[in-house]
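Take a look at the structure below.
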There are 2 protein chains.
Amino acid sequence: MHEHAPKSKLELTRNQALVFDALADAGGPLTAYAILDALREEGMRAPLQVYRALTKLMNVGLVHRLESLNAFVVCRHPECSSHETAAFAICETCGQVDEFAPDEAVSLLQSWASDHKFALARTTIELRGECSSCHK
Amino acid sequence: MHEHAPKSKLELTRNQALVFDALADAGGPLTAYAILDALREEGMRAPLQVYRALTKLMNVGLVHRLESLNAFVVCRHPECSSHETAAFAICETCGQVDEFAPDEAVSLLQSWASDHKFALARTTIELRGECSSCHK
DNA sequence: TCTCGAATGTAATATTATAACGCCTCTGAA
DNA sequence: TTCAGAGGCGTTATAATATTACATTCGAGA
């Protein structure tokens, strides 16, 4: 029996599912090359396969890119629509990332953009520091 | 007459001054390798020379790193102390960057951090979109 | 059936960043 | 005066991140 599932918008291909699962299993951020290494046994062989899957996953809002880490995490709020305005608190000690939705801060940034006639496409908000578990 | 100027805290070395001037002259973001290419004639030869100067310039608050671009810009408010909380609006059409100080938004993020016992060290806030000159 | 868009596999390469080494020049304390 | 430490410099090599280019496959409609 081959795989003939009809593709809904959220169907993932094999590579996309592999990459998503690897990220989800990690429970934290991974670089593209860390994902690649985790998936060698599943047949993933080249960086491009990972990057392509990541691009798709980001487009559908299942994965975020952490710019200040050059790494990727699964979205904590995949049903929510505001994937363009998520924020992340990144612990520099343990590496854990906490995603949150800073709605008011984003509103203020949108106001700034609007005041300056800047057509805002997406925002990157990343906090660096030490999480409560680490600096206790 | 050799250079014997007594070193105050803001004295820059030759390499640091070269890198700062290259960035200032560019009037916009440059990557480390773009800076290197701009300074070949001044004797800059290796990436590390540029990265070392950039690190110092960032430490003294004269230069910012744009995480989402892997590039660097001169600080627009070098006298101001809050170099850890600047924000940037990056035009994806023309590449120009507008630095601003989103004090209220930063306060909200600081509140979030405080509420979550997150010891905030610095924030990255970068807006991507199209500037007024470009989408007119 | 035909064609189109999306995804794949692979090799090669481009871009960004750091490690490791030794040397030089200040400065300040002994 | 010496000398030890901190910071900067120059160089080579390499690591880490990301993309280009090209050929192929697959499935969904017209």
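Here is how names work: the chains are called A, B, and so on, in the same order as the sequence lines, proteins then strands, and each is numbered from 1. Not measured: the values here are computed from a predicted model.
- Phe20(A) is linked by a ring pair (Phe, Tyr, Trp, His ring centres under 6.0 Å) to nothing, counting only residues two or more places apart in sequence or in another chain.
- Between Phe88(B) and His64(B), the distance separating the two ring centers is shorter than 6.0 angstrom.
- Distance Leu12(A) CG to dC26(D) C1': 17 Å, rounded to the nearest Å.
- Looking at residues 31-51 of chain A, you'll see Thr31(A), Tyr33(A), Leu48(A), Tyr51(A) sit with a heavy atom under 4.0 Å from some atom of DNA chain D.
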Just the atom pairs and distances: protein N or O near nucleotides 22-25 of chain C's N or O, under 3.5 Å.
none

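- For the pair Lys56(A) and dA6(C), the criterion of a side-chain N or O lying under 4.0 Å from OP1 or OP2 is not met.
- Applying the 4.0 Å criterion to OP1 and OP2 of dA17(C), one finds that Asn70(B) has a side-chain N or O inside that range.
- Between Asn59(B) atom CG and dG7(D) atom P the separation is 11 Å, expressed in whole Å.
- Rounded to whole Å, atom C1' of dG9(C) lies 15 Å from atom CG of Leu18(A).
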Donor-acceptor pairs are to be reported for all side-chain atoms of residues 44-51 of chain B against protein atoms at under 3.5 Å, with residues two or more places apart or in another chain.
unit_1	atom_1	unit_2	atom_2	d
Gln49(B)	OE1	Arg45(B)	N	2.8
Gln49(B)	OE1	Ala46(B)	N	2.8

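- Counting heavy atoms from C-beta on, the side chains of Leu62(B) and Leu12(B) come closer than 4.5 Å.
- For the pair Ala53(B) and Ala71(A), nearest-nucleotide mapping onto DNA chain D gives the more 5' position to Ala53(B).
- Comparing Gln16(A) and Arg65(B) along DNA chain C, the residue whose closest nucleotide (by nearest heavy atom) sits nearer the 5' end is Gln16(A).
- For Glu130(A), there are no salt bridge (charged side-chain N to carboxylate O under 4.0 Å, His left out) partners, not counting sequence neighbours.
- Atom CG of Leu69(B) and atom C1' of dA18(D) are 15 Å apart (whole Å).
- Applying the salt bridge (charged side-chain N to carboxylate O under 4.0 Å, His left out) test to Arg128(A) and every residue at least two apart in sequence or in another chain returns Glu92(A).
- Applying the 4.5 Å side-chain rule to ILVMFWY residues, one finds Phe100(A), Val106(A), Leu109(A), Trp112(A), Phe118(A), Leu120(A), Ile125(A), Phe100(B), Val106(B), Leu109(B), Trp112(B), Phe118(B), Leu120(B), Ile125(B), Leu127(B) in the same cluster as Leu127(A).
- The side chain of Asn15(A) contributes an N or O atom lying less than 4.0 Å from OP1 or OP2 of dG9(C).
- Counting only residues at least two apart or on different chains, the salt bridge (Lys or Arg N to Asp or Glu O under 4.0 Å) pairs with a member in residues 23-38 of chain A are Asp37(A)-Arg40(A).
- A sub-4.0 Å separation between OP1 or OP2 of dT8(C) and a side-chain N or O of Thr13(A) is present.
- Partners of Glu42(A) according to the salt bridge (charged side-chain N to carboxylate O under 4.0 Å, His left out) rule, which considers only residues two or more places apart in sequence or in another chain, do not exist here.
- Spacing between atom CG of Leu57(B) and atom C1' of dG8(D) amounts to 13 Å, rounded to whole angstrom units.
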